Amino acid sequence: MIDEYLEGLNAAQRAAATHTDGPAIIIAGAGSGKTRVLTLRLAYLLSRRLASPFQLMALTFTNKAAKEMRRRIETLIGSDARSLPMGTFHSVFSRVLRIEADALGYTSSFSIYDEEDSESQIRTIVKELNLDDKRFKPRVIKNNISKAKNFLVSPSEFSARHIIDEFTETTAKVYHIYQNRLQRSNAMDFDDLLVNMVVLFNSRPDLLHKYQHKYRYLMIDEYQDTNHAQYVIAKKLAAVHENIVVVGDDSQSIYSFRGATIENILNFSKDYPDAKTYKLEQNYRSTSTIVEAANSVIENNVKRLPKNIFSLKEEGDLIGLIVGETEVQEAEKVVDSIREQKLRRNLNNKDFAILYRTNAQSRTLEDALRRASIPYKVFGGMSFYRRKEIKDAVAYLRLALNPYDEESIKRVINYPARGIGNTTMERLLQAAYENNLRLWDVILRSDRYLSGRSWSAVNAFAALITSFQNAALNTSAYLAAEYIIKASGMLEDLHQPKDFEMMDRYENVMEFLDGVKEFTENPDNEVRSLSAFLNEIALYTDADKDEESDDYVSLMTIHASKGLEFHSVFVVGMEEGLFPLSMSLDNRESLEEERRLCYVAMTRAKEKLTLSQAKRRMRYGNLEFTEPSRFLDEVNPKYIGTKTRSAAEKKPTIPVEPPRNLKALKPISAAATAPSENLGANTPDIAVGHTVEHDRFGRGIVVRLDGPPEDRRAVVDFPGRGEKTLLLRYAKLVVVQ
DNA sequence: ACGATTTAGATTTTT
DNA sequence: TCTAAATCGT
């Protein structure tokens, strides 16, 4: 059975899927059948009896990816798949940490703070320290602390080694207090779920040993997006058996702003000199036009692993280009194109995705789709679990298990209103911080700090939460949740039939309760306690939702589109400053990340890709003139056009960029753009010994030429940067002499 | 204590 | 433009 599946793979895929022992890296290009290889390898290990299911650990980044992999494995090996420790880094580690919580001074019912909770906690600390929150923005401090954690820099290390100015000094101070608060709240933030694994392994070699031996085979998906902490944990876990297989694509590393270090994948072979490398270079998803167009863009990045992604599918349509006068017209043209394609190709709404760089862009597109009565769905944005009413409900549940959870207390102590206002709250918090007590302990002994009306209000709240604790202990997850939500008074507050929005929220809370019920009744879940439910939703995002089979056009950011594919894809807002985003223009690293993002966007398309831009766009309430994205210039023009290739070759559609200093004066004309100058499509007369200029590497000398004429490559020696092999077709080389 | 009004700031987000 | 936090007024 497994063998049969293996037969269906290409040579590279089969080699990777049957890799058994020792370290290996699988470079899996977009659409290269990565998940298939991964699942088959797991099944292969099991069928060869090299490991039992619970000895494999497979880590992914999204719940969705984990779920998909589990589903596919189940079809291969049956219900054994259920015992595979497979999941996201955060969920797998959170389970380990709950088991080993004692060793870290936590209880197993610790809360998981989301980023809102973290920021709110940091905001409180900044206020307490009487700092100017304009100069010391809580959000920036939070991001810096997060970064420190991702690089495993502890508060004391941060103080000792990372203070270079007043800001870092403050960050250090806040970091210390923040970490103490978390511990006192019996809470971990997302980063702690990783950091504490390292802390655990460092402080308890016996436990490290235990897990090293427990998991004989370690597999990591999307390795290009791992951060330093994840890298260290993986290295420690794999140190005994060295059965570590990582899968990734450096060209799709788009989360460095979250601490991902692309070096992890670039250096894997240095970390494990014996590592085998498998390259999955055949793209089964997209037409060759799309694959090659995407290649022509990504070629402009310096930092890459060498590989040659190709497609054997037919050429298909050329890449469409839409230019709108304004973002409104851009959206209308996109919608027109969707309608046209639907008719011509007999497609459904589901076959289309519109991708954008920033969430703010969705609005215009939504309007245009609504006007055309085309059903659509916006992914991301305000997720269900980030809604206020849901966060309130979750806070009550969290408190039932962990009353020390300070952020949850603050959230619901006066919601619904029970007469505990700011003054009272300030008093309680002050009592807690001055006496180094936990907020919950202060609330339990509020007689010492309060009197009269505010005391009785706080006392009643304490009694309420205590009753919730009992409910959580003594009944099933669903019954407890139902009781807690009802007794909290939330539902009465929201149930206002006259107020449409309030009723909407009421419905959401009811839906949330249904979710709890579903969770408790789902036989797939091994543990169905309230605690397990909370753990799951803390690490859950909207992107994980299974989508019903409704027929709609998908709207999402490019980030959210990673791993997905659509028949026809529109990438909108291809303008300098928007994509690439202006904040990433100042250094090469971040510009390359934008380019990888562009690569990800383009490779989502199976049959038809359309890029679009607007000449004018409203930004922050005022009209701005734009210039086309450099990524448009980077797409080899021979792949861009409207209908047929020959038509495109006669009529190039890439607009010429005006001189940068004239951009504000650029005329707004509806006329088609001027024919482009030679962008390197035809290979200029370059010979060995010529000095050439490359727009990124500067000047260099051609040392060698090879490859067939249509694929001519030049090896150029750039002083100080070494020899680079450049495809003349793509590299814009200018002969200097 | 709570709602109304003003002001500042913003851009990507697997968990 | 739009949201969220800060401030103001009752």
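First the proteins, then the strands, lettered A, B, ... as listed; each starts at 1. Note that this is a predicted model, so its numbers are computed, not measured.
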Exercise. What integer number of Å spans the C1' atoms of dT12(B) and dA5(C)?
Worked result: 23 Å
What is the nucleic acid contact for [X], judged by heavy atoms within less than 4.0 Å: base, sugar-phosphate only, or nothing?
| X | result |
| --- | --- |
| Ser94(A) | nothing |
| Ile420(A) | sugar-phosphate |
| Glu115(A) | base |
| Asn622(A) | nothing |
| Arg619(A) | base |
| Ala538(A) | nothing |

Exercise. Considering residues at least two apart in sequence or located in another chain, which fulfil the ring-ring contact (aromatic ring centres under 6.0 Å, His included) criterion with Tyr356(A)?
Worked result: none
If we call it a pair only when both distances are under 3.5 Å in a Watson-Crick or G-U wobble match, what pairs with [N]?
| N | value |
| --- | --- |
| dT3(C) | dA8(B) |
| dA1(B) | dT10(C) |
| dT13(B) | none |

For this session: Assign the ring pair Phe533(A) / Phe519(A) to parallel, tilted or perpendicular, where the plane angle (0 to 90°) is split at 30° and 60°.
Result: perpendicular
Problem set entry | Parallel, tilted or perpendicular, as decided by the 30° and 60° cut-offs, for the rings of Phe89(A) and Phe93(A) | perpendicular
How close or far is atom [atom2] of [N] from atom [atom1] of [X], stated in whole angstroms?
| X | N | atom1 | atom2 | result |
| --- | --- | --- | --- | --- |
| Leu581(A) | dT13(B) | CG | P | 11 Å |
| Glu593(A) | dT11(B) | CD | P | 16 Å |
| Arg418(A) | dC2(B) | CZ | P | 11 Å |
| Phe61(A) | dT12(B) | CZ | P | 20 Å |
| Glu594(A) | dT11(B) | CD | P | 14 Å |
| Lys34(A) | dT14(B) | NZ | P | 16 Å |
| Asn414(A) | dC2(B) | CG | P | 5 Å |
| Ile558(A) | dT11(B) | CD1 | P | 17 Å |

Distance check: side-chain N/O of [X] vs OP1/OP2 of [N], anything under 4.0 Å?
| X | N | answer |
| --- | --- | --- |
| Arg357(A) | dT13(B) | no |
| Ser584(A) | dT12(B) | no |
| Asn359(A) | dC2(C) | no |

Exercise. Which comes earlier along DNA chain B counting from the 5' end, the contact point of Leu578(A) or that of Thr424(A), where each point is its nearest nucleotide?
Worked result: Thr424(A)
Seminar exercise, completed: Between Ala360(A) and His90(A), the residue closer to the 5' end of DNA chain B by nearest nucleotide is Ala360(A)
For this session: With Lys562(A) as the cation and Tyr255(A) as the aromatic partner, state whether NZ or CZ is under 6.0 Å from the six-membered ring centre and within 45° of the axis.
Result: no
Problem set entry | Row check, Phe379(A) ring normal vs Lys377(A) NZ/CZ: under 6.0 Å, within 45° | yes
Any idea which of [options] is nearest the [X] side chain?
| X | options | result |
| --- | --- | --- |
| Arg363(A) | dT14(B), dA6(C), dC2(C) | dC2(C) |
| Arg123(A) | dT13(B), dA6(C), dT11(B) | dA6(C) |
| Phe257(A) | dC2(B), dT13(B), dT14(B) | dT13(B) |
| Ser582(A) | dT11(B), dT13(B), dA10(B) | dT11(B) |
| Thr358(A) | dT13(B), dA10(B), dT11(B) | dT11(B) |
| His559(A) | dT14(B), dT12(B), dA1(B) | dT12(B) |

For this session: Report yes or no: is the ring centroid of Tyr255(A) under 5.5 Å from the six-membered base ring centroid of dT13(B), with the two planes under 30 degrees?
Result: no
Exercise. Quick check: are there more than 12 heavy atoms from other residues, nucleotides or ligands sitting under 6.0 Å from NZ of Lys391(A)?
Worked result: yes
Exercise. Are a donor atom and an acceptor atom from the side chains of Glu222(A) and Gln224(A) found within less than 3.5 Å of each other?
Worked result: yes
